[in-house]
Amino acid sequence: MIVAIGYLASALLALSLITVNAIKFRWLNLLGCFTFIVYGIFITAFPVILANVILLIINIYQIIKLYSAKESFEMLTVHPFDELVTKFLQFHKKDIQNYFPDFAINKNENHLAFMVLRNLSIANLFIASLKNGEAVVEINYTIPQYRDFKVGKFIFEKEREYLLSEGVKKIIYEKISNANHEHFIKVMGFVKENKDGVYYSKNLTKA
């Protein structure tokens, strides 16, 4: 039992070190430190307890700092076939396949396309086909280090009036092939529907 706690602590710390997202890194590291403190208490190892208490405090401080940090979010309107969009898609191609394996842009459709800048860094690419007030999402990809729901809240809450001004009344996801992305859209307020097949939608006209 005691040995298992030690292994768990080591696993949490190791996992935190390979995590790209800063908030996930801090939470995993904090859990690892807390588990090591418990382990240190069991084996009566004061140096282990002291070192991890210090690291725990540092993690708590950094987590508070991350959550309270004021960041700049901007929306940059683009064309689906802009060079910047093409380069972005090529650079993140492998990870995009995990979330949008069937992604392809239909040249014959009307599109809503924009990038989200977070502190002037490109954090997200959003492309949807528009028809009769519905925006069917073709891609809504956020790069790994910015997957903390802030970009999603910016798009679907802060920029709700912009989307409405573009004629978007409802946003639809026809296919969800990734469990993490499904969790994300549920957090963003999308509702599962079962009309002509299973899909998720969010009605922007409802406050």
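It should be emphasised that the depicted structure is a prediction, and the values quoted were computed from it without experimental measurement. We use all heavy atoms of the structure for the numbers below, so side chains are in, but hydrogens, waters and symmetry mates are not.
The 12-atom threshold is exceeded at OH of Tyr162, counting heavy atoms of other residues, nucleotides or ligands nearer than 6.0 Å.
Looking at Tyr141 and Phe88, their side chains come closer than 4.5 Å, going by heavy atoms from C-beta outward. The closest side-chain heavy-atom distance from Ile49 to Phe36 is not below 4.5 Å. Between Leu120 and Glu74 the shortest side-chain heavy-atom distance falls below 4.5 Å. Between Ile127 and Leu112 the shortest side-chain heavy-atom distance does not fall below 4.5 Å. With contacts defined as side-chain heavy-atom distances shorter than 4.5 Å, the pair Lys170/Leu204 does not qualify. In this structure, the side chains of Val151 and Phe154 stay at 4.5 Å or more apart for every pair of heavy atoms. Using a 4.5 Å heavy-atom threshold, the side chains of Gln97 and Asp95 count as separate. Between Asn110 and Lys131, every side-chain heavy-atom pair lies at or beyond the 4.5 Å cut-off.
Between Leu13 atom CG and Leu55 atom CG the span is 8.5 Å, to the nearest 0.5 Å. Atom SG of residue Cys33 and atom CG of residue Leu28 lie 11.0 Å apart, to the nearest 0.5 angstrom. One distance of note links CD of Glu166 with CG of Leu130; it measures 8.0 Å at 0.5 Å rounding. Here the straight-line distance linking atom CD of Glu138 with atom CD of Glu174 works out to 9.5 Å at 0.5 Å rounding. With values rounded to the nearest 0.5 angstrom, Thr205 atom OG1 is found 7.5 Å from Arg160 atom CZ. Atom-to-atom distance recorded for Ile23:CD1 and Gln62:CD is 11.5 Å, nearest 0.5 angstrom.
Judged purely by atom type and a 3.5 angstrom limit, Asn29 has no side-chain atom pairing as donor or acceptor with the backbone of Phe25. Judged by distance alone, with hydrogens and angles left aside, the side-chain atoms of Lys202 form a donor-acceptor pair with the main-chain N or O of Met188 at under 3.5 Å. No donor-acceptor pair closer than 3.5 Å links the side chain of Asn52 to the backbone N or O of Ile37. Between the side chain of Asn178 and the main chain of Asn98, a donor-acceptor pair closer than 3.5 Å is present.
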Next item on the list: Evaluate the side-chain hydrogen bond (donor to acceptor under 3.5 Å, both in side chains) criterion for residues Tyr99 and Asn140: first the C-alpha distance (whole Å), next the side-chain angles of each, then the deciding distance (0.1 Å), finally the verdict.
Entry: CA-CA 9 Å; Tyr99 292 86; Asn140 180 20; over 6 Å; no
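The distance between the ring centers of Tyr173 and Tyr199 does not fall below 6.0 angstrom.
Between Phe156 and Phe184, the two ring planes are tilted [angle within 30° to 60°]. Between Phe81 and His79, the ring planes are tilted. Angles from 30° to 60° get that label.
Just one of Lys24, Arg26, Arg118 meets the salt bridge (Lys or Arg N to Asp or Glu O under 4.0 Å) condition when paired with Asp148; it is Arg118.
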